[in-house]
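Since the structure comes first, as structure tokens, the remarks are kept for the end.
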Amino acid sequence: MKFGYFDDASREYVITQPDTPMPWINYLGSEAYFGLISNTAGGYSFYKDARLRRLTRYRYNNSPLDMGGRYLYLRDNTTGKYWSPSWMPTKSKLDEYECRHGQGYTIITSKLNGIKSSTRYFVPLGESLEIWQTTLTNENASSVDLSLFSAIEFCLWDANDDSTNFQRNYSIGQMEIVDEVIYHKTEYRERRDHFAYFACSEKLAGFDTIREDFLGQYRGWNEPQVVETGKSFNTEAHGWQPIGSHHVKVSLKAGESKQIIFILGYQENPKDDKFDPPGSQIINKKSAKLVIEKYLQAANADKAFNDLRDYWTMLLGKFQVNTPDEHTNRMVNIWNAYQCMVTFNMSRSASYFESGIGRGMGFRDSNQDLLGFVHMIPERARERILELSATQLKNGGAFHQYQPLTKRGNNDVGSGFNDDPAWLVLGVSAYIKESGDWSILDELVQYENESGSERPLYEHLQRSIQYTLERLGPNQLPLIGRADWNDCLNLNCFSDTPGQSFQTTTNKDGTVAESVFIAGLFVLACKEMAGLAKYCGDNVELEKVTQAAAEMEKIVWKAGWDGDWFRRAYDDYGHVLGSKENIEGRIFIEPQGICIMAGLGVENGNAVKALDSVAEHLATPHGIVLQQPAFSQYYLHLGEISSYPPGYKENAGIFCHSNPWIMIAEAMVGRGDKAFDYYMRINPSSREEISELHKCEPYVYAQMIAGKDAPTHGEAKNSWLTGTAAWNYAAITQSILGIQPTLDGLEISPVIPSSWDGFTVTRKYRGVTYNITVKNPKHVSKGVEKVIVNGKQVERSLIRADAGTGEVHVEVVMG
Ligand code: BGC
Ligand code: NOJ
């Protein structure tokens with residue numbers, strides 16, 4: 001069953017019924033000011049950091065779902081009837097409803113009793129504010145007398161403190177209300193230099209800032225007494241729970257429309273110019289007023305919206321494909337790329353599954369996210385790399401996370417996730433392949449953010465490699481540390497204390513447990529490093545990493561190969577995991593993916609063997625599960641992985657992040673039909689028809705789909721913020737469609753379903769637009785017979801970066 005449809009021409013997903021299986025959300029903002037918004041206007045806003053600078057409140061884990069948002073209420077003043085045009089929170093039955101989620105904006109339109117309401121929510125580029133543009137239309141034959149109320153609940157900035165420290169917080173709320181603007185200035189009197197404002201374009205009939213007045217004692221957002229009576233209290237909050245509500249009276253003749261604009265924004269003032277007049281306690285509103293005045297004018301708001309649309313046309317225009325498959329087209333052209341940008345901005349901080357007060361930016365996560373957005377915004381990828389590598393430890397290891405606001409490594413989580421450093425090599429290499437910007441390797445970057453410790457980025461990469469080499473275990477495989485990519489395989493943790501963090505508890509000395517996954521990742525990182533070293537003319541490093549990779553490969557064949565698949569690890573007792581010797585956890589997806597991606601077994605046939613084992617033991621119609629058989633009980637020596645009930649998350653869930661590794665591996669052995677088949681199993685658009693089972697948004701990937709051992713097999717969770725976005729983007733664009741940025745230029749080597757006649761791609765790459773046509777007259781899956789660049793046949797399928805300027809036409813004939 002579907003709850004909406006894709007409008008590809010508008011690049012929107014259109015939700016046609018408000019009670020979706022879960023709130024289906026979208027994101028507003030692209031630089032500093034962000035918001036989450038659901039299809040019924042739920043969600044919240046923050047400036048830069050979802051924990052430390054939260055503007056509005058949201059109630060996670062609430063029943064009913066999705067409480068707190070950007071609410072509007074309409075009241076017919078003749079009949080006294082009122083409703084929410086976004087359905088929530090009054091849940092009135094609407095005659096028409098539609099929510100359009102686009103890139104950085106959401107439009108909710110509805111109709112009840114002939115009153116049409118349409119609100120466009122977005123954040124203008126370069127601004128720290130959001131605009132709600134509401135148009136009301138009277139489609140009745142006679143005039144109507146309406147009241148429109150806005151309603152938000154302010155958060156007292158630190159979202160964690162806001163939801164726990166009531167003994168203080170109930171006494172600190174402060175507001176100012178001047179003309180049509182409600183200012184929230186809690187703590188501005190002391191150390192904060194920022195405040196929030198909520199403005200309206202119309203003369204007000206009234207306003208409210210005290211929550212219990214607006215709602216009424218013991219009443220909810222579904223039946224505010226002010227809306228019910230049509231009378232605001234015009235009060236200023238002191239302490240308790242400050243809110244912002246404007247009341248606008250609108251009379252509309254038959255057929256008449258009116259636009260009303262609300263602005264919710266964040267403003268900082270210089271520390272020594274906070275008050276006006278100086279010495280008073282009144283906010284200096286000069287800068288805020290300028291921007292408010294600007295965007296309360298419809299023409300400026302419209303222009304800002306058009307600029308946002310153009311910006312996305314430009315970003316998405318960097319890679320556009322036309323294949324015979326609509327799900328591929330819309331995910332690549334619109335939604336997957338968009339999700340990659342959102343994960344770039346949010347990392348794993350704020351979604352409907354991540355509370356915004358938990359994790360900082362992950363070292364491995366951010367390096368992998370880069371794969372999905374580097375072609376859209378290479379300059380910001382560069383910045384991100386330099387930020388990340390400045391948190392690297394001197395021994396080559398990495399803080400597992402860092403805080404977006406301070407850009408410092410997070411001491412609470414610390415380091416010791418032994419896969420972390422290798423991802424930096426992959427991230428940097430992906431950046432250079434895309435941009436051709438070799439200068440990044442010479443950038444002087446600190447270690448542990450310590451001044452005086454600056455060394456060229458190139459040396460950071462060398463230390464990353466060295467880190468693994470200095471941490472080998474009894475089989476000469478890399479020691480796993482706290483965990484590798486699989487955060488839940490905690491082989492040195494042995495935790496029997498409820499509530500203890502699996503990731504940061506270590507009570508083994510860590511000298512025994514080894515990871516075959518890190519071995520594969522290390523080989524891959526060495527190969528990438530070899531490419532960089534060769535370009536830099538550093539033969540010593542080239543020699544070193546080539547040899548290190550070859551040795552590690554030998555070790556993998558000796559200790560990491562199980563006969564039909566790659567093993568997973570050795571535990572603290574030195575026992576193997578991911579082997580026929582195991583009763584549970586006999587085969588894992590991760591080492592199959594990463595080892596083959598590193599090239600292991602591609603020549604000797606073992607890759608095909610391993611992939612056939614994946615198909616036999618791990619593949620389901622809903623995607624490939626992480627491991628089998630699922631752990632039926634908690635194992636002290638395995639950690640969090642066995643803490644999950646079978647079929648969920650890392651315990652044999654379909655952990656979507658690792659599925660594209662198998663797609664890439666299938667492509668590497670030339671099996672285009674299989675690669676594409678796996679791609680389709682988790683492609684959200686192709687799962688749209690089963691939305692009642694899948695439950696999450698059909699336009700973005702979820703981290704996890706319940707595996708075959710779970711009672712809810714096929715149900716997705718943790719949508720939006722997941723490495724799944726970047727890896728699927730890489731798998732489809734680089735491995736299946738085969739448009740691969742390399743250090744030398746664009747390599748075109750598709751591995752596609754044999755039924756396809758071909759496809760076309762427009763790819764902007766290093767300042768040149770490549771118009772690529774791939775033809776598949778013989779219906780093969782793989783193999784390039786002929787490549788014609790600007791009318792001339794060339795030798796290889798590598799289009800050198802200097803092949804032309806402006807526009808380059810490429811024709812590839814498979815065969
Ligand atoms: C989750 C992992 C995640 C980790 C982060 C675990 O509870 O299952 O997917 O990586 O937390 O700390
Ligand atoms: C989610 C985490 O963000 C990521 O770092 C990790 O690799 C996966 N979970 C697997 O545990």
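For ligands, and for the atoms within them, numbers begin at 1 and follow the listed sequence.
For atom 2 (C) of ligand 1, the closest non-hydrogen atom on the protein side is Glu650 OE2, 3.1 Å. When hydrogens are left out, the protein atom nearest atom 11 (O) of ligand 1 is Gln503 OE1, 4.0 Å; that is the closest non-hydrogen contact.
The contact set between ligand 1 and Glu640, taken as ligand atoms under 4.0 Å from a residue heavy atom, comprises 6 (C), 7 (O), 8 (O). The atoms of ligand 1 that sit less than 4.0 Å from any heavy atom of Phe655 are 9 (O). If you number the atoms of ligand 1 from 1 as listed, the ones under 4.0 Å from a heavy atom of Cys488 come out as 1 (C), 2 (C), 6 (C), 8 (O).
Only one option out of Asn475, Ile480, Leu479 pairs with Leu477 in a side-chain contact (heavy atoms from CB on, under 4.5 Å); it is Asn475. Shown are His375, Gln734, Glu528; of these, the side-chain contact (heavy atoms from CB on, under 4.5 Å) with Lys433 is made only by Glu528. The only member of Ile664, Val523, Leu521 that meets side-chain contact (heavy atoms from CB on, under 4.5 Å) when paired with Met597 is Ile664.
Using cut-offs of 30° and 60° for the angle between ring planes, the Trp423 and Phe517 rings count as tilted.
No more than 12 heavy atoms of other residues, nucleotides or ligands sit less than 6.0 Å from atom NZ of Lys48.
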Run through all N or O atoms in ligand 2 and write down each protein N or O closer than 3.5 Å, as a pair with its distance.
unit_1: ligand 2; atom_1: 3 (O); unit_2: Arg359; atom_2: NH1; d: 2.9
unit_1: ligand 2; atom_1: 3 (O); unit_2: Asp365; atom_2: OD1; d: 3.4
unit_1: ligand 2; atom_1: 3 (O); unit_2: Asp365; atom_2: OD2; d: 2.8
unit_1: ligand 2; atom_1: 5 (O); unit_2: Arg364; atom_2: NH1; d: 2.8
unit_1: ligand 2; atom_1: 5 (O); unit_2: Asp365; atom_2: OD1; d: 2.6
unit_1: ligand 2; atom_1: 5 (O); unit_2: Asp365; atom_2: OD2; d: 3.4
unit_1: ligand 2; atom_1: 7 (O); unit_2: Arg364; atom_2: NH1; d: 3.4
unit_1: ligand 2; atom_1: 7 (O); unit_2: Trp485; atom_2: O; d: 2.5
unit_1: ligand 2; atom_1: 7 (O); unit_2: Trp485; atom_2: NE1; d: 3.0
unit_1: ligand 2; atom_1: 11 (O); unit_2: Trp485; atom_2: O; d: 3.4
unit_1: ligand 2; atom_1: 11 (O); unit_2: Asp487; atom_2: N; d: 3.0
unit_1: ligand 2; atom_1: 11 (O); unit_2: Glu650; atom_2: OE2; d: 2.6

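Heavy-atom separations between Gln703 and ligand 1 include at least one value shorter than 4.0 Å. At least one heavy atom of Tyr644 lies less than 4.0 angstrom from ligand 1.
Classification of Glu666 and Lys674 as a salt-bridged pair fails, no side-chain N sitting under 4.0 Å from a carboxylate O. A salt bridge links Glu387 with Lys407; the closest basic N to acidic carboxylate O contact falls under 4.0 Å.
Two rings, from Phe566 and Trp561, have their centers less than 6.0 Å apart. Between Phe363 and His400, the gap from one ring centroid to the other reaches at least 6.0 Å.
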